[in-house]
K.L.:
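Quick one: this structure, given as structure tokens, is what I'll be asking you about.
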Amino acid sequence: GRTLIDHIECETSFCYKKVLVSQALSWPESRAKALNGAMVGLGTAEDQLVRVIVCSTMKERRKIRDAYQGLYDRDLIEHVESETSGSFQRIMVAVLESCDPHPDFDYESDCNQLKEAMEGMGTDEDALIRVLAGKTPQQIQITKDKFEQMFDRNLYGWVNDETWDWGASIFFGKDFRMAMLYLLREPNEQLAHGVHDCIAGWGTDDTGLITLLVHLSERRRRDLCIKYEELFGRTLFDAIKGDTSGDYEGALLALVKPAPQVWAEALTGSMKGLGTSDDELLINWMCIAKDRMDEVRFCFEVQHGRTLGEWIHGDCSGDYADTLVRLAKRKCYKFPGAEAGLTIQAPPNQDDAVFKFNKVFNRLCHQKHGKPADNLVIPEDDQQEMGSVFAYFADRSSCAPELDVRGLWDLTNAVGFPPGDDGPDLLLTFSEWDYSGTGTISWNDFVREMSTRVNDPGHFEAAPLPES
């Protein structure tokens, strides 16, 4: 009769408990909990506010605000306003209020405003907030590129270098400066710096570290590990090991390692000293890992110098052992998109992928047209058939197996419903498709968008997409 979180809180303690609870909460709830902890009690942890708020996408901020209201029956922005002041308050509120991207900016004018705000004595911090707080990471990158083109000076470098020997800066407060620097970094750098800031120096900011590492997709784990080593000259694994220990260390490492490696270690733990009181645990892990069992087998052999099947035969017997060995030897059919949840392999060429998508999409729109008052739920088989076009273009994306902005442009042009242009309207369309708020288009985002479109009169009352 207890919830999972209640059970975790009863059976664990200290930082290990914090990790498990944060991972058991939904992504928005884990962030809302961290923000509340940063503001209640004596003082306010401004650095925690920066790491959670600035390191979130616009859609994620909306979800955090909703979760905060649900958990604490209080408006997040109102709470931030009551606990902060000055320019830091204004930039936090401005970023939180930016939940929908503006499709177009006058970047030349913005760059002139930024330059004027920082030149001479003092700084017009409100001008900086107006220019930067409402921009997406892609729009901030465009601003940085335009600034360097116009003034032959790196915008981030200007902000970062204008710091005096005793630690003051061109900005009136260190917290405002920290927020500015985080805004000017691209998302992977934001995350890597946030994690490093929690580890560096005396002690460890455990709550900050946990909040940043829970709920990372496997791609973000990989990108974080690469960026961390690139920026700080040591692996993230070594950094975690150097600052933590015991179950807490193991939990944090599990949050940043590839899933097959974590599963292989979990299988090892469930078989050590098997008597076998851990039968259920072992078979549960085997079932969880079954779709990537080839990778688990490889990781297991690297860790132990023997195959998973050999280990099972050495610790189990009879029909139980035979069942586990069959699971351990399971063939895994790999093709682009399988890791994202697709079960049908994409056709080898674009024309076939587009044809399969358009044919199914047209049929669904025709079905909806016949019953316009009913909400059409796309059957799983049709989702998979349409997924062929997602898999084809996602495999060619910079964030495969998910879609980036260019991938979305190519896909929508190929099937026949492109944005109005490859600039502001494309960015607006990308934001609309990014239901998860992660900055990429996942398989689940794609399915949700197709469900929206087949129920939209703009599609089911329009001419069919071309099928040749």
Side-chain angles (χ1 to χ4, degrees), residues 3 5-6 9 18 21-103 125-137 139-140 171-183 187 190-191 194 198 205 207-212 214-215 428 431-432 434-439 448:
T3 67
I5 291 175
D6 287 340
E9 290 181 332
K18 283 186 179 180
V21 168
S22 294
Q23 185 70 10
L25 291 168
S26 68
W27 186 94
E29 288 174 339
S30 69
R31 268 55 184 178
K33 184 178 175 65
L35 289 173
N36 184 258
M39 292 187 287
V40 297
L42 290 174
T44 300
E46 287 86 357
D47 53 353
Q48 180 80 324
L49 298 185
V50 172
R51 285 193 291 265
V52 175
I53 294 171
V54 178
C55 291
S56 303
T57 66
M58 289 186 174
K59 284 196 174 182
E60 287 171 343
R61 289 169 200 149
R62 183 188 293 116
K63 292 180 180 180
I64 292 170
R65 288 173 60 183
D66 291 343
Y68 202 91
Q69 184 71 47
L71 287 173
Y72 304 108
D73 194 26
R74 186 172 186 181
D75 180 71
L76 174 59
I77 292 178
E78 181 272 326
H79 198 174
V80 169
E81 288 176 328
S82 71
E83 296 292 332
T84 58
S85 61
S87 297
F88 180 70
Q89 178 195 84
R90 292 194 291 278
I91 195 169
M92 288 293 97
V93 170
V95 171
L96 276 172
E97 289 178 338
S98 301
C99 294
D100 295 294
H102 192 284
E125 297 183 339
D126 286 338
L128 299 178
I129 294 170
R130 286 195 303 272
V131 172
L132 294 174
K135 285 183 168 63
T136 66
Q139 291 167 336
I140 286 178
F171 307 118
F172 299 126
K174 66 179 181 63
D175 300 319
F176 179 80
R177 177 176 182 270
M178 178 184 180
M180 281 294 302
L181 292 177
Y182 268 76
L183 269 177
Q190 286 178 349
L191 184 57
C198 291
D205 181 348
T207 300
L209 185 59
I210 292 166
T211 305
L212 291 173
V214 295
H215 297 292
L428 186 60
S431 175
E432 292 170 351
D434 181 18
Y435 290 90
S436 58
T438 59
R448 288 186 64 179

K.L.:
Donor-acceptor pair, Gln139 side chain versus His102 backbone, under 3.5 Å?
P.N.:
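Confirmed, Gln139 side chain pairs with His102 backbone.
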
K.L.:
For a quick test of reading the model, state the closest non-hydrogen atom pair linking Ile129 to Ser87 and the distance between them.
P.N.:
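Taking every non-hydrogen atom into account, CD1-O, 3.8 Å.
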
K.L.:
Between Tyr72 and His79, do the side chains contain a donor N or O and an acceptor N or O under 3.5 Å apart?
P.N.:
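Their side chains do not contain a donor-acceptor pair, so the 3.5 Å distance test is not met.
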
K.L.:
Can you name the closest pair of heavy atoms from Gln190 and Val54 and give their distance?
P.N.:
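For Gln190 versus Val54, the nearest heavy atoms are OE1-O, 3.7 Å.
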
K.L.:
Which atom pair, heavy atoms only, marks the closest approach of Gly194 to Tyr182?
P.N.:
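That would be CA-OH, 3.1 Å.
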
K.L.:
Mind running side chain to side chain contact (heavy atoms under 4.5 Å, CB included) on Ile91 and Glu125 for me, showing each step along the way?
P.N.:
CA-CA 9 Å; Ile91 195 169; Glu125 297 183 339; over 6 Å; no

K.L.:
Within a strict 4.5 Å, meaning less than it, do heavy atoms of the Met92 and Val50 side chains meet?
P.N.:
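The answer is yes; the side chains approach within 4.5 Å.
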
K.L.:
Would you say Arg74 and Asn36 make side-chain contact, with heavy atoms under 4.5 Å?
P.N.:
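Result no, sub-4.5 Å side-chain heavy-atom pair not found.
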
K.L.:
Do Gln69 and Leu76 have side chains that get closer than 4.5 Å, going by heavy atoms?
P.N.:
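No. Closest side-chain heavy atoms not under 4.5 Å.
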
K.L.:
Which atom names give the shortest non-hydrogen contact between Cys198 and Gly208, and what distance separates them?
P.N.:
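Taking Cys198 first and Gly208 second, the nearest heavy atoms are SG-C, 3.5 Å.
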
K.L.:
Rounded to the nearest 0.5 Å, how far apart are OG of Ser22 and CD1 of Ile5?
P.N.:
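Answer rounded to 0.5 Å: 9.0 Å.
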
K.L.:
Can you tell me how far apart CD (Glu83) and CD (Glu78) are? Round to the nearest 0.5 Å.
P.N.:
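Rounded to the nearest 0.5 Å, the CD-CD separation comes out at 9.0 Å.
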
K.L.:
Does the side chain to side chain contact (heavy atoms under 4.5 Å, CB included) test come out yes or no for Trp27 and Ile64, once each step is laid out?
P.N.:
CA-CA 8 Å; Trp27 186 94; Ile64 292 170; 3.6 Å; yes

K.L.:
Rounded to the nearest 0.5 Å, what's the gap from CG on Asp205 to CD on Gln48? Could you check?
P.N.:
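Nearest 0.5 Å value for the CG-CD distance: 6.0 Å.
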
K.L.:
Do Lys18 and Thr207 have a side chain donor and acceptor closer than 3.5 Å?
P.N.:
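Yes, Thr207 and Lys18 have a side-chain donor paired with an acceptor closer than 3.5 Å.
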
K.L.:
Taking Lys59 for its side chain and Glu432 for its backbone only, find out whether a donor-acceptor pair lies under 3.5 Å.
P.N.:
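Yes: the side chain of Lys59 pairs with the backbone of Glu432.
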
K.L.:
For the CG atom of Leu96 and the CG atom of Leu35, what is their distance to the nearest 0.5 Å?
P.N.:
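These two atoms lie 7.5 Å from each other.
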
K.L.:
If I compare all heavy atoms of Asp100 with all of Met58, which pair ends up nearest, and what's the gap?
P.N.:
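The answer is C-SD, 3.6 Å.
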
K.L.:
Taking all non-hydrogen atoms of both residues, which atom of Ile53 and which atom of Arg61 are closest, and how far apart?
P.N.:
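Looking at all heavy atoms of both residues, the closest pair is O-NE, 3.1 Å.
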
K.L.:
Side chains of Val214 and Arg31, heavy atoms from C-beta outward: is any pair under 4.5 Å?
P.N.:
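Of all side-chain heavy-atom pairs linking Arg31 with Val214, at least one is under 4.5 Å.
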
K.L.:
Report yes if some heavy atom in the side chain of Cys99 is under 4.5 Å from a heavy atom in the side chain of Arg65; otherwise report no.
P.N.:
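Answer yes - side chains close enough.
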
K.L.:
Once rounded to the nearest 0.5 Å, what's the spacing between atom OG of Ser30 and atom CG of Leu212?
P.N.:
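Atom-to-atom, Ser30:OG and Leu212:CG are 10.0 Å apart.
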
K.L.:
Evaluate the salt bridge (charged side-chain N to carboxylate O under 4.0 Å, His left out) criterion for residues Asp47 and Arg51: first the C-alpha distance (whole Å), next the side-chain angles of each, then the deciding distance (0.1 Å), finally the verdict.
P.N.:
CA-CA 6 Å; Asp47 53 353; Arg51 285 193 291 265; 3.7 Å; yes

K.L.:
Measure the CZ-NZ distance between Phe88 and Lys174 for me, rounded to the nearest 0.5 Å.
P.N.:
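These two atoms lie 9.0 Å from each other.
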
K.L.:
Yes or no on side chain to side chain contact (heavy atoms under 4.5 Å, CB included) for Thr57 and Thr438, after CA distance, side-chain angles and deciding distance?
P.N.:
CA-CA 7 Å; Thr57 66; Thr438 59; 5.9 Å; no

K.L.:
Looking at His215 and Leu25, would you say the former's side chain and the latter's main chain have a donor-acceptor pair under 3.5 Å?
P.N.:
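Pair found, side chain donor or acceptor close to backbone of Leu25.
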
